[in-house]
Amino acid sequence: MNATDDTVAGEDARHDGKNRASRPGAPSLASLGGWRALINNPGLILNTLRHGGAVGQDALGNRYFEERRPTRQDGRARRWVLYAGRARDASLVPPEWHAWLHFTTDAPLSDANRRPWQRPHEPNMTGTAFAYRPKGHDYAGGARPHVSADYEPWTPDA
Amino acid sequence: MPKVTVDGIELEVPNGFTVLQAAEAAGKEIPRFCYHDRLSIAGNCRMCLVEIEKMPKPVASCGQPVGEGMVIFTDTEKVRQSRRNVMEFLLINHPLDCPICDQGGECDLQDEAVGYGRDHTRYHENKRAVTDKNFGPLVKTVMTRCIQCTRCVRFLSEVAGVPELGATSRGETMEITNYVERGLTSELSGNIIDLCPVGALTAKPYAFVARTWELRKTDSIDVFDAVGTNIRIDARGSEVLRVLPRINDAVNEEWLADKSRFAIDGLKRKRLDRPWIRQNGKLQPATWDAALSAVVARLNGAEPGRIGAIAGNLCDAESMMALKDLLVGLGSPNFDCRQDGAVLDAGNRALYLFNTTIEGIDEADAVLFVGVDPRREAPVLNARIRRRWVENTGFVAGLIGPYADITYGCTHLGEDGAALRALLDPAHEFTVKLAAAKKPLVIIGQQALARPDGAAVFAACWQIAEAAGALTADWQGFNVLHNAAARVGGLDLGFVPADGGKDVAGMVAGGVDVLWLLGADEIDMAALPPDVFVIYQGHHGDRGAARADIILPGAAYTEKPGTYVNTEGRMQLAQRAIFPPGEAREDWTILRAVSALVSKPLPYDDIEALRQRMGEANPVFASPDTVRRIAPQVGLTPKGDSGQLSDAKFTAAFATYYQTDPISRASPTMAKCVTDILPPAMPAPVQQAAE
């Protein structure tokens, strides 16, 4: 549900993790959603209050945290995410933060480098009304386009 | 009969058996790349090594004759290690491109590598690369994969008789090549694809199309010539992707002609997939209901004696039976399956079959061809005759008809009727040779019979055969070589004009008002009077469809279960591989539907009942895959007055081997063959016939 910290354990990432000059500051309970959030999810919120430093927030409102003081054996600071809504779905994490979360990059990729062809991140819509339906699916109209045959029919003009 | 011991199994094998054959007889499998049952022994791959007692080194079993008391070991550690070493040598230069190789899944090298391959290489040198050769539009080459087994070289020079391949250089630089940038000219070239144990030679039209395990395999019968080659149709979904030969020693051994193998892309083009009705001079798409009621209106409106039917070259016997029954029910005597107008007497099988049978060719020692080019009209059968010529130094062959290179020594005796008449003289040089032969063959082609004086040609050939001793009590050497898969079946069913009926020429000349063409495209459509109402039932939009007033879409040979009788009278069953396209239906069901609508319902509702009906019409259809060698009937002669043999020249059966029927005319591959395969360099015919 929260931290994903051990997928990419490269030498560089470990090195950088240790030597980070400034650590993010502790979040306030209010910024994490107040008492209601604490009651709903006491372990995560308490852990985030005690160890977490707020790093940032993505376009969907998911907030990302990093340990203020590294506790991992390898000296790297754990990173984790608090999802914005009720959904607990890893596909909600956009690629720029996904890279950071998995220690591929030291900092989340900045929006400054966005290319015009990059589309906004879209989570997996399976099971929702926005799920992908192929052409001809009953929920997508049910009308199949006429497929051209795998043979060439004869016509008198040909 | 030497006695040998193979891995402790004692057995007796015939003289002249090789160690490999002895091991096979004992049920031991010997890996091999260069050895092939039907080719000469090369012994150059060294994969078939076995150990033989009292021999210091492992021996290549394919080339080692058995000796009395030989003790053979096929599976010792030494043998296995030797084979592993051979495999390692073979793989030094063999590319590791199995994932992009068309042979993947059916590759001998792949299979043997499972048993004898190393899991890694010990070589760091670069692999040898070889330039790809141009073998024409049918055979794709990736010569870097070649392991120099020379099967292709041996096949083309020994079986196909077109020595166009060879090896240049030696050792690592050895290459299989055709020396010049010119495709293979053999009609059997596709077989080297099957023979190649690796992916060096693959089918060009089939390149990167499918993997062998994706294909649905169906046993069938080839319809592009009258040999009745046993084939396997490989299909995926609704597409026929390739055709391969099946082994049948009595018919095609394991060879397949190129047209049969590669014309299948014609099955996807110019298909009739819906009924058409001509309205105001223009064909309009129609529904089955409309088309059938139009047909019925015409049939009911016509005088029974003015309805006719012609069956084409690719028809299955079922549809011909149904069509004949339909016409008989309507009261019409006009039906004919001899589309080319050949004079064939359907009354006696001995007068229209290849009586010697295809297997019987293996006994023959002389042959006379009359008005036939066996190389183009029946390539697989010609390869069998050629083998007799190779085996038998005294084999005599003569040809009357247009000069053709038939891949073996053959005297061209002339190309007109006069040359045939000259052979009637017992003193003629060739007649003497033919008479001296113990088992001579006289093979007469369809073009010789389709002449106006066809009956006279037939009678002359019969006379020559009789004089040459080809019609004795123990040798029937008079043969009619057909070139249409449907013909013998049609003759067996009696699909020839009944009493007072009109034949093809009579019907085309305007003897009928309603003409039913069952896949008949080879008749002269221009000669048909414009007021003849033509119903074309078939699978391809070809000459017949263009002339038709109503088109009923039928099924091609891959799309229906069918019965075909080959030129020697062997009845064989073909299975359905795929379904007909669009609204097309199996042909006999169309005829059954029409018969019900004209209130003359045919007495069969399924194909079993129809086949039973065929068996009643002619017992031939009750015994699949059997052929009886007809003992010559003493005193049997062609009926009637044969007339005068004219001096006209014999003509070739078709302009090009590659386009002879609606399917091959629709095939882009065949069209490419016509433009790309240069005719073999043909020397000016030397006039050897001495009058």
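Keep in mind that what you see is a predicted model, and the values were worked out from it rather than measured. A note on names: the letters A, B, ... follow the listed sequences, proteins ahead of strands, and every chain is numbered from 1.
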Completion exercise
dist A:Trp154:CH2 -> B:Arg271:CZ (nearest 0.5 Å) comes out at 13.0 Å
Practice task
Count the heavy atoms of every other residue, nucleotide or ligand shown that sit under 6.0 Å from CZ of B:Arg298, and state whether that count exceeds 12.
Solution key: no
Handout entry: Inter-chain contacts: residues 231-241 of chain B against chain A, heavy atoms under 4.5 Å
Key = B:Ser238, B:Glu239
Completion exercise
Expected contact set for residues 536-554 of chain B against chain A at heavy-atom separation under 4.5 Å reads B:Gly541, B:Ala545, B:Ala546, B:Ile551
Practice task
Please check if atom NE2 in A:His51 has more than 12 non-hydrogen atoms from other residues, nucleotides or ligands closer than 6.0 Å.
Solution key: yes
Handout entry: Those residues of residues 202-214 of chain B, ordered by number, that approach chain A below 4.5 Å (heavy atom to heavy atom)
Key = none
Exercise for the section: Can you check whether anything in residues 574-582 of chain B gets within less than 4.5 Å of chain A, heavy-atom wise, and list it by number? Expected result: B:Pro581, B:Gly582
